[in-house]
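Quick caveat: nothing in here was measured; it's all calculated off a predicted structure. The basis for the numbers below is simple: all heavy atoms, side chains too, and nothing from hydrogens, waters or symmetry mates. Letters A, B, ... are given to chains in the order of the sequence lines, protein chains preceding strands, and every chain is numbered from 1.
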Number of protein chains: 2
Amino acid sequence: MAMIRQPENFPETVKAVRRQLALSQEELAHALGVSFATVNRWENGKTVPSKLAQRQFWQFCAQMKEQGKLI
Amino acid sequence: MAMIRQPENFPETVKAVRRQLALSQEELAHALGVSFATVNRWENGKTVPSKLAQRQFWQFCAQMKEQGKLI
DNA sequence: CACACCGCATAGCAGATGCTATATTGTCGG
DNA sequence: CCGACAATATAGCATCTGCTATGCGGTGTG
């Protein structure tokens with residue numbers, strides 16, 4: 001088993017995180033090191049993040065939480 | 001311009017880094033959060049790393065240097 | 001020698017990504 | 001209302017990635 005942590009609803013999670021941080025899709029994409037199109041596709045459920053992108057996303061969230069910018 | 005840093009010979013760089021750290025392709029892949037096939041393709045010049053993968057690779061190298069594990 | 005591994009190379013396929021271009025949807029000031 | 005602008009949605013195409021399987025040389029170990 002040993003699945004990668006993935007919330008039931010990844011698209012909503014990305015949107016929620018992005019809005020808490022008051023970032024545009026473009027800005028979040030830059031912060032994560034991916035393209036705007038990629039973040040957009042995640043939020044609209046067109047694709048699911050790659051292994052590395054998932055790691056990067058959760059790591060980013062953890063950092064933001066450490067800084068108190070994210071609940 | 002603002003290009004992404006990319007040595008003349010990425011395949012050789014990956015091999016060199018990996019061997020200094022005494023890791024197998026499998027182990028390096030795991031450390032980077034990508035698959036074995038991906039590291040293997042980088043080393044054999046079959047593909048060039050994605051934007052995010054490049055960031056991850058250089059960040060990993062920087063960490064290893066901080067720890068004195070890499071020159 | 002036969003056998004089981006391990007590390008590495010390679011291939012095929014489905015899905016993800018980067019880039020570009022083109023809508024669409026607000027939200028302003030005029 | 002109208003034009004301008006930013007943010008978002010969507011699409012196509014080339015490339016990258018993950019997964020699985022296969023082959024191949026080297027290294028034990030019986």
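Residues B:Pro49 and B:Phe10 are in side-chain contact: their nearest non-hydrogen atoms beyond the backbone lie under 4.5 Å apart. Within the 4.5 Å cutoff, the side chain of B:Trp58 has heavy atoms near those of the B:Thr13 side chain. Between A:Gln56 and B:Arg55 the shortest side-chain heavy-atom distance falls below 4.5 Å. Counting heavy atoms from C-beta on, the side chains of B:Gln54 and B:Val48 come closer than 4.5 Å. When side chains are defined from C-beta on, A:Leu52 does not count as touching B:Thr38, because their heavy atoms never get closer than 4.5 Å. The closest side-chain heavy-atom distance from B:Trp42 to B:Leu32 is below 4.5 Å.
Nearest heavy atom pair, residue A:Lys51 against residue B:Val34, reads NZ-O, 3.4 Å. When every heavy atom of A:Leu70 is checked against every heavy atom of A:Gln20, the shortest pair comes out as CD1-OE1, 3.3 Å. In plain terms, the two heavy atoms of B:Glu43 and B:Pro11 that are nearest each other are O-CB, 3.3 Å. Taking every heavy atom of both residues into account, A:Val17 and A:Phe57 meet most closely at CG2-CZ, 4.0 Å.
Within the 4.0 angstrom heavy-atom criterion, base atoms lie near B:Asn40.
Of the two residues contacting DNA chain C, namely A:Trp42 and B:Glu26, the nearest-nucleotide position lying further toward the 5' end is that of B:Glu26.
Rounding to whole angstrom units, CD of residue B:Gln56 and C1' of D:dC16 are separated by 16 Å. Separating the CZ atom of B:Phe10 from the C1' atom of D:dT15 is a distance of 15 Å, rounded to the nearest angstrom. A straight line from CG of A:Leu28 to C1' of D:dA7 spans 14 Å, rounded to a whole angstrom.
The rotation axes computed at either terminus of the helix from C:dC1-D:dG30 to C:dG30-D:dC1 lie 30° apart, taking five pairs at each end and rounding to 10 degrees.
With hydrogens and angles disregarded, no donor-acceptor distance shorter than 3.5 Å links the side chain of B:Asn40 to the backbone of B:Phe36.
Using a 4.0 Å cutoff to heavy atoms of chain A, the contacted part of DNA chain C runs 5' to 3' from C:dA16 to C:dC19.
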Are any protein N/O atoms closer than 3.5 Å to N/O atoms in nucleotides 18-24 of chain D? If there are, list each pair with its distance.
residue: D:dG18; atom: OP2; partner: B:Ser35; partner atom: N; Å: 2.9
residue: D:dG18; atom: OP2; partner: B:Ser35; partner atom: OG; Å: 3.0
residue: D:dG18; atom: OP2; partner: B:Thr38; partner atom: OG1; Å: 2.4
residue: D:dG18; atom: N7; partner: B:Arg41; partner atom: NH2; Å: 2.8
residue: D:dG18; atom: O6; partner: B:Arg41; partner atom: NH1; Å: 3.2

